[in-house]
Amino acid sequence: MSEPRIIDARDTFCPGPLMELISYMKRASVGDELELLSTDKGSVNDVPEWIAKVGHELISSEQIDNVWHIKVRKAK
Amino acid sequence: MKILVVGGGTAGTIVANNLARRLTAETRSGKVQLTMLSASDRHMYQPGLLYVAFGQMTPDQLYRDQASLLEPTIDFHVDPVKQFMLDKNQVMTEAGRIHSYDILVIATGSRIVPDETPGLTEGAEFFYTEASAVKLYKRLREFQGGRIAVAIGVPHKCPVAPVELMFSLHDYFKARGIRDKVHLKYYYPIGRIHTIEAVAKWAKPEFDSIGIEYETLFNIKEVDAKNKILKSEEGIDVEYDLLIVVPQHRGMEVIERDNLGEGGWIPTDRHSLAMKGHDNVYVVGDTTNLPVSKTGSAAHFQAEVLAENIASIIKIGAPVRDYDGKIYCFIEAGRDRATYSMFDYETPPDLKPPSKPMHWFKLSYNQMYWTSVRGLL
Ligand SMILES: Cc1cc2nc3c(=O)[nH]c(=O)nc-3n(C[C@H](O)[C@H](O)[C@H](O)COP(=O)(O)OP(=O)(O)OC[C@H]3O[C@@H](n4cnc5c(N)ncnc54)[C@H](O)[C@@H]3O)c2cc1C
């Protein structure tokens with residue numbers, strides 16, 4: 001498995017982290033891992049909520065130095 | 001010193017005009033040559049498409065001749081780039097000409113790609129191109145009642161356009177006296193009704209008060225045009241009578257073909273606007289991969305910073321400013337009210353209550369745009 005693709009959505013209000021993730025997810029292949037970097041604390045809830053609703057996979061979510069690192073895998 | 005600007009839209013035009021003015025002496029003496037390559041001899045004011053969709057403007061009002069907008073020292077050619085040869089500091093055009101450069105500015109914008117979503121082209125109306133905006137107007141005019149679904153692809157330029165569209169639809173049918181026969185529903189990709197939190201907080205009670213329904217976490221998967229059903233990635237099916245979509249976007253084909261950026265979005269430094277890995281290539285406007293909204297406003301502020309920096313690189317050997325993520329967007333809240341949203345990388349957007357004067361300001365900006373791209377505003 002290759003390194004996850006990093007999506008740097010720190011310090012962005014529009015389009016915002018989840019919209020950035022959706023955009024990259026559309027172009028990714030099934031099985032690809034993406035790591036979203038976000039400084040928006042809302043991402044901790046809204047990203048897993050969307051991932052669960054669509055049926056992708058949440059790998060991990062952790063905060064390092066005020067940046068949330070949310071790793072997901074495209075499942076379908 | 002050869003400066004080549006590729007793209008004659010909002011960003012490219014402001015960069016080129018601003019540079020021409022800052023480098024008047026250098027271009028007159030022949031020390032600097034400023035060239036622009038674009039795909040069209042006309043320049044479209046794209047925000048006007050929303051007015052075309054409601055019969056408030058006709059398409060001819062959206063255009064100016066590109067040459068008339070440019071400073072005379074800019075050598076302008078309608079000859080789009082077919083190939084970027086960044087390793088040789090050259091581009092090749094559709095006409096087969098090679099242009100060499102010392103500094104390259106890429107401002108080729110973005111395009112809608114409805115064909116990438118099954119059934120969308122057959123099943124939905126759009127308004128992000130001239131032809132589709134005119135067609136939508138005709139569909140709206142014929143519409144006597146039923147379910148209108150509005151859905152949004154990702155990514156897309158002008159993130160406030162979908163909200164503006166909803167207010168305009170409400171006002172349009174109200175003015176025709178058939179609002180009670182029209183069911184308006186808005187489908188949005190993320191968990192609130194707009195990506196900017198302040199816009200979502202303001203628009204939600206506004207939608208509620210005028211009977212616009214909404215569903216969030218809804219990403220377009222496909223359209224069954226025959227049976228008029230819109231299907232989402234999240235597994236929801238929606239029946240409609242008229243479907244209006246902001247389709248997903250990509251950058252220009254040549255950007256993807258030459259591997260400048262996946263999806264046509266070029267990896268760009270968020271402050272210097274340099275293309276990552278290339279010191280003499282800069283990227284502005286929609287075609288950057290920056291996490292800022294794809295708007296004329298972002299294109300404008302980026303272009304101003306970049307032109308000042310390129311001019312100072314030529315004059316003193318170093319750039320002088322960083323792009324700070326600044327964006328200022330008008331938001332039309334129907335036919336006679338508007339507000340605006342302003343923010344940058346650090347400052348979250350705030351929103352003022354909509355007012356009539358703000359709407360008049362937006363109407364004046366529709367004309368002021370031409371002064372703005374000339375680099376005079
Ligand atoms: C319906 C609608 C409403 C909008 N409303 C707003 C709004 O209210 N506020 C706002 O700020 N923004 C708005 N926008 C967005 C705004 O118009 C764009 O974000 C802006 O035009 C981007 O500027 P740009 O220079 O990056 O691209 P563009 O202005 O699209 O210009 C791209 C240029 O590149 C040229 N080109 C393409 N391919 C090549 C090639 N291969 N070689 C050379 N040249 C090439 C094209 O001919 C064009 O001149 C709206 C857009 C739409 C569609």
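Side chains are part of it too, since the values below use all heavy atoms of this structure and drop only hydrogens, waters and symmetry mates. Proteins come first, then strands; the chains are lettered A, B, ... in the order of their sequence lines, and each starts at number 1.
- Rounded to the nearest 0.5 angstrom, B/Leu217 CG and A/Leu18 CG are separated by 7.0 Å.
- Nearest approach of B/Pro189 to A/Ile22, heavy atoms of both residues: O-CD1, 3.8 Å.
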Heavy-atom donor-acceptor pairs under 3.5 Å, chain A with chain B:
residue: A/Arg5; atom: NH1; partner: B/Glu262; partner atom: OE1; Å: 2.3
residue: A/Arg5; atom: NH2; partner: B/Glu262; partner atom: OE1; Å: 3.2
residue: A/Asp8; atom: OD1; partner: B/Arg270; partner atom: NH2; Å: 3.4
residue: A/Arg10; atom: O; partner: B/Arg270; partner atom: NH1; Å: 2.9
residue: A/Arg10; atom: O; partner: B/Arg270; partner atom: NH2; Å: 3.0
residue: A/Thr12; atom: OG1; partner: B/Pro291; partner atom: O; Å: 2.5
residue: A/Cys14; atom: O; partner: B/Ser293; partner atom: N; Å: 2.9
residue: A/Pro15; atom: O; partner: B/Thr195; partner atom: OG1; Å: 2.2
residue: A/Arg27; atom: NE; partner: B/Glu262; partner atom: OE2; Å: 3.2
residue: A/Trp50; atom: NE1; partner: B/Glu234; partner atom: OE2; Å: 2.8

